[in-house]
Amino acid sequence: TTRTPSFLGLEKSADFFPESDAMGDVIVGVLDTGVWPERKSFDDTGFGPIPASWKGQCESGTNFSSAKCNRKLVGARYFSRGYETTLGPIDESEESKSPRDDDGHGTHTASTAAGSIVQGANLLGYASGTARGMANRARVAVYKVCWEGGCFSSDILAAMDKAIDDNVDVLSLSLGGGTSDYYKDSVAIGAFAAMEKGILVSCSAGNGGPGPFSLSNVAPWITTVGAGTLDRDFPAYVSLGNGKNFSGVSLYAGDSLPNKMLPFVYAGNASNVTNGNLCMTGTLIPEKVKGKIVLCDRGINARVQKGSVVKAAGGAGMILANTDANGEELVADAHLLPATAVGQKTGDAIKKYLTSDPNPTATILFGGTKVGVEPSPVVAAFSSRGPNSITPEILKPDIIAPGVNILAGWTGAVGPTGLEEDDRRVEFNIISGTSMSCPHVSGLAALLKGAHPEWSPAAIRSALMTTAYTAYKNGEALLDIATGKPSTPFDHGAGHVDPISAANPGLIYDINADDYLNFICALKYTPSQINTLARRNFTCDSSKKYSVADLNYPSFAVSFPAAGSDGSNTIKYSRTLTNVGPAGTYKVTVSSTSSSVKIIVEPETLSFTRMNEKKSYTVSFTAPSMSSTTNVFGRIEWSDGKHVVSSPVAISQT
Amino acid sequence: AMEIKKTYIIHMAKSQMPATFDDHTHWYDSSLKSVSESAEMLYVYKNVVNGFSARLTAQEAESLESQPGILSVLPELKYELH
């Protein structure tokens, strides 16, 4: 990716992360749509021998030979039996029955996590710079599990099974399904086994935002990643016949519009169908759009397809207006005709002009790439939000990372829009989603693994979470683009990832497999359900009082019973901190958005005299009364003056 | 509708493998064959699941679920890219 390494401070990472030997031993496995191995992001120049521990393979198949792997791309496998038995044999003229990526998504995520350095990267001139993966010295292994018809759980499980055999260190999964109990969810089941082998599993939180309870991949042994913006934008400017100007975003790179105002029409008035405003295929009347700029509403069909529909009908350009569902969030696309996306407010203002002027006119100017945009990051509207619908006591997402307008490697099989009629071929593409933020964290986790090979997956996640930030440099709280207001831990989890601080967290919250089994006992799983998830008999001790609140998680989600119902109004959480830095005395501070919930930490001071020393504390949350709609947020921070070990708190009623 | 085959993930209790089997894959195969002569395994899992995936009718899946040593027979789910 370009820009995100500097946005994350990785340009000064040499002092914090090993440059070659240790990093070269770390292998990131990516379950996705495969890989386009010829991309420079997978160049192995300067890489040493493949680690002796690596047991993976490079499988041959359609358009892909085992010779495509190298010292960078150390493994490439594909899993299609589940897919083929459900949807029929793969048509090899349409998609490659091999690790070859015909889609682009897998090449993008793999290169984001661990792509090599590529100078002169750009998409049609946009976002130019030096591209690199987060862990650019780590190795990559791809496991193709997603096909044109989707990603099937039998294939995902088979890939995770093989990745564990192969000895990956980090697994990156930018995919998800619905929400089901952990023992029914293949990704949660596979991730549990991976965690037991010391593999960190990073998953995308989902693009179901901004509504609450929209998360996927919420098992506590998974690192769940939401998405935020960068300080980079691709502005485009709309000028209307009434002299008013508006801003939007676009990655259009073809011929400019004529240097004059063009006739302008609302798609809904250039169609005979009721949803003509959406610019669905075949719905525009060519005589009514020819030579004009057409305003289409966002929704239902792909954004780039709307542009293609306008172009096919003879339109000269397109303005794509957000509706309620997307608000002011702007996602840039490499449209096939001059086009820009605009926010809902701008869209409404433009529509007002369209309906008030008998002969409306407009034009669009393209502004290229702009950096230094503030405020940034802001939480992306699409990023899925908590509370966690499976276990409300575990706060998810864990963290946010860059996931909007991310440039990374792309397939040679399709153009940047992915449309069949797009015959452009690009080395890099710019796309958005929690699919893009997840591999950022996977790569950063690989960096931490290289710097601290002895750290468990939970320790790595803890370091990433407790050092994440929730305020801009001016002290103002991170914003949520969906509301324009400060975001909450249900939106950003622990905050935005800060890898330099994560390299030296001071203290960590560690969790081992037995701790997770105790957590499962607290969920009151039956022996059969536990065995399904953990692959062994584990008997919960009937004399022991298990509590979900006792899982040593680096964040706090407190769920009080609804007002009027029975239940204690004091809930106690216990935590254990492990020292991974120098000796020191840490003092706690508690902050909260409301005094209605009393938060007491005991003890208030923890002294560590040696490495790996453990100290425990308890937190009591007391709520005299809460209305059913009130959420309270806060932070619990331990500091020795040099390190700040910060945990978000989210308090709600169930 | 009962004849339509779907993919299921079959989770087995490895500790309940009868002593007559010296290899767990033979036990899996025998369990599968006890409900369907024609069903074939898609994958035998080693690390993530004690079990396998196979195409079964709903009736076969139900029948398999009641066999000794079977923990769960879960229908395949489709996941999507984010």
Side-chain angles (χ1 to χ4, degrees), chain A residues 32-33 79 81-82 85-86 103 105-106 109 145-146 149-158 160-165 173-178 180 183-187 189-194 196-197 203-207 216 384 433-438 528-529 531-533 535-537, chain B residues 1 3-19 23-25 27-29 31-32 36 38-58 60-62 64-82:
Chain A
D32 212 296
T33 61
F79 301 84
R81 282 182 222 162
T85 51
T86 300
D103 177 279
H105 192 279
T109 53
V145 296
C146 293
C151 329
F152 288 79
S153 56
S154 60
D155 294 330
I156 292 170
L157 276 171
M160 295 180 91
D161 204 67
K162 198 54 98 173
I164 291 170
D165 265 346
L173 286 82
S174 289
L175 51 84
S180 52
Y183 68 91
K184 290 181 186 169
D185 178 351
S186 291
V187 169
I189 289 169
F192 192 93
E196 287 185 298
K197 300 278 186 182
C203 292
S204 45
N207 302 333
S216 55
S384 288
T434 53
S435 273
M436 283 66 246
S437 56
C438 165
S528 169
Q529 289 165 347
N531 200 337
T532 295
L533 178 62
R535 309 167 329 281
R536 60 175 175 270
N537 289 320
Chain B
E3 293 304 311
I4 295 171
K5 289 200 172 194
K6 292 200 301 191
T7 302
Y8 292 86
I9 317 286
I10 296 96
H11 297 257
M12 313 267 300
K14 219 170 177 178
S15 61
Q16 291 180 34
M17 184 171 84
D23 185 317
H24 62 276
T25 53
W27 177 45
Y28 298 165
D29 196 47
S31 300
L32 180 62
S36 171
S38 62
E40 282 182 22
M41 289 184 192
L42 300 182
Y43 298 104
V44 174
Y45 303 108
K46 181 178 155 193
N47 300 300
V48 293
V49 170
N50 287 332
F52 57 97
S53 49
R55 297 282 288 177
L56 300 167
T57 65
E60 287 166 348
E62 201 179 316
L64 187 58
E65 207 157 19
S66 61
Q67 298 290 313
I70 303 285
L71 292 167
S72 56
V73 179
L74 301 174
E76 171 151 81
L77 294 174
K78 197 168 117 178
Y79 289 70
E80 287 177 356
L81 295 166
H82 282 154

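Just so we're on the same page: letters track the sequence lines, and every chain starts at 1. Values below: all heavy atoms of this structure, side chains included; hydrogens, waters and symmetry mates excluded. Model, not experiment: these values are computed from the prediction.
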ask   = SG to SG, are A:Cys438 and A:Cys203 under 2.5 angstrom apart?
value =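 Cystine link not detected, SG atoms outside the 2.5 Å cut.
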Less than 4.5 Å to any heavy atom of chain B: does that hold for the side chain of [X], its backbone, both, or neither?
X        : result
A:Asn537 : side chain
A:Ser174 : backbone
A:Ile156 : side chain
A:Val145 : neither
A:Thr109 : neither
A:Tyr183 : backbone

query = What option among B:Glu80, B:Glu76, B:Lys46 has the most heavy-atom pairs under 4.5 Å with chain A?
reply =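 Highest number of heavy-atom pairs under 4.5 Å: B:Glu76.
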message = Tell me the closest heavy-atom pair linking B:Trp27 and B:Lys14, and the distance in Å.
response =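 Here B:Trp27 and B:Lys14 meet closest at CZ3-CA, 4.0 Å.
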message = At a 4.5 Å cut-off on heavy atoms, which part of B:Leu81 comes close to chain A: side chain, backbone, both, or neither?
response =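 Both backbone and side chain of B:Leu81 come within 4.5 Å of chain A.
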task = Select one option (side chain, backbone, both, neither) describing which atoms of B:His11 are under 4.5 Å from chain A's heavy atoms.
result =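 Looking at B:His11, just its side chain touches chain A.
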query = Can you find a side-chain donor-acceptor pair between B:Ser36 and B:Glu60 that sits under 3.5 Å?
reply =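 The answer is yes; a qualifying pair exists.
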message = I need the B:Tyr43 OH to B:Phe52 CZ distance, nearest 0.5 Å.
response =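 Nearest 0.5 Å value for the OH-CZ distance: 15.0 Å.
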ask   = Any side-chain heavy-atom pair from B:Ile9 and A:Ile189 closer than 4.5 angstrom?
value =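 A side-chain contact under 4.5 Å is absent here.
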message = Measuring only between side-chain heavy atoms, which start at C-beta, is A:Leu173 closer than 4.5 Å to A:Met160?
response =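 Yes; the side chains approach each other to less than 4.5 Å.
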